[in-house]
Amino acid sequence: PNEPAQRARYKRGDRVERVIDGAWFPARVTDCYVDGGAEFYDLRYEDDGNTERDVDGDEVRKRAAGSTPVVQPRRPAHQPSPLDDDEDAPKEPTATVTHDNG
């Protein structure tokens with residue numbers, strides 16, 4: 001039992017921002033609906049073109065006209081690297097080589 005979309009704060013095509021882990025990401029509303037008084041939005045993110053459905057309206061805010069939001073790039077979870085300083089990782093043996101020229 002969805003209520004009409006015109007009751008949502010934002011409409012299709014509106015430029016908004018969505019908060020993810022404390023960072024705001026620019027997006028456009030592709031669809032919206034209200035269910036039980038709660039707003040939900042389908043979004044297309046402007047930084048990478050990904051889409052997301054049923055985003056809670058509490059995580060969405062209007063983007064000011066002409067603003068360019070500062071966002072943190074989305075990064076995959078950290079993958080271990082040989083360059084990481086991991087004290088628990090097994091260490092390669094080291095050797096010192098000296099030459100006697102005499």
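Quantities reported herein were computed from a predicted structural model and do not represent experimental measurements. Because only heavy atoms are used, hydrogens play no part in the values below, and waters and symmetry mates are left out as well, while side chains stay in. For the single chain, residues carry numbers from 1 onward in sequence order.
Remark: the backbone N or O of Asp54 is paired with a side-chain donor or acceptor of Asp42 at under 3.5 angstrom. Checked by atom type and distance alone, the side chain of Arg9 pairs as donor or acceptor with a backbone atom of Gly57 at under 3.5 Å. Put simply, the side chain of Arg44 never gets that close to the backbone of Thr51: no donor and acceptor are under 3.5 Å apart. At distances below 3.5 Å, at least one donor-acceptor pair connects side-chain atoms of Arg28 with backbone N or O atoms of Gly13. The backbone N or O of Phe40 lies less than 3.5 Å from no partner atom in the side chain of Tyr33, so there is not a single donor-acceptor pair.
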(request) Output, in order, the C-alpha distance, side-chain angles, deciding distance and verdict of side-chain contact (heavy atoms from CB on, under 4.5 Å) for Val34 and Glu39. (result) CA-CA 4 Å; Val34 176; Glu39 300 174 13; 4.2 Å; yes

- Should Tyr10 and Val60 be marked as a side-chain contact (heavy atoms from CB on, under 4.5 Å) after you check the CA-CA gap, both sets of side-chain angles, and the distance that decides it? CA-CA 9 Å; Tyr10 312 116; Val60 177; 3.8 Å; yes

Full working for side-chain contact (heavy atoms from CB on, under 4.5 Å) between Trp24 and Arg63: CA-CA 10 Å; Trp24 290 93; Arg63 194 160 22 135; over 6 Å; no

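Distance OG1/Thr30 to CZ/Arg12: 8.0 Å, rounded to 0.5 Å. Considering CD1 of Ile20 and CD of Glu52, their distance stands at 6.0 Å, rounded to 0.5 Å. How far CD of Glu17 is from CG of Leu43: 11.5 Å, rounded to the nearest 0.5 Å.
The environment of NZ in Lys62 is crowded: more than 12 heavy-atom neighbours from other residues, nucleotides or ligands sit within 6.0 Å.
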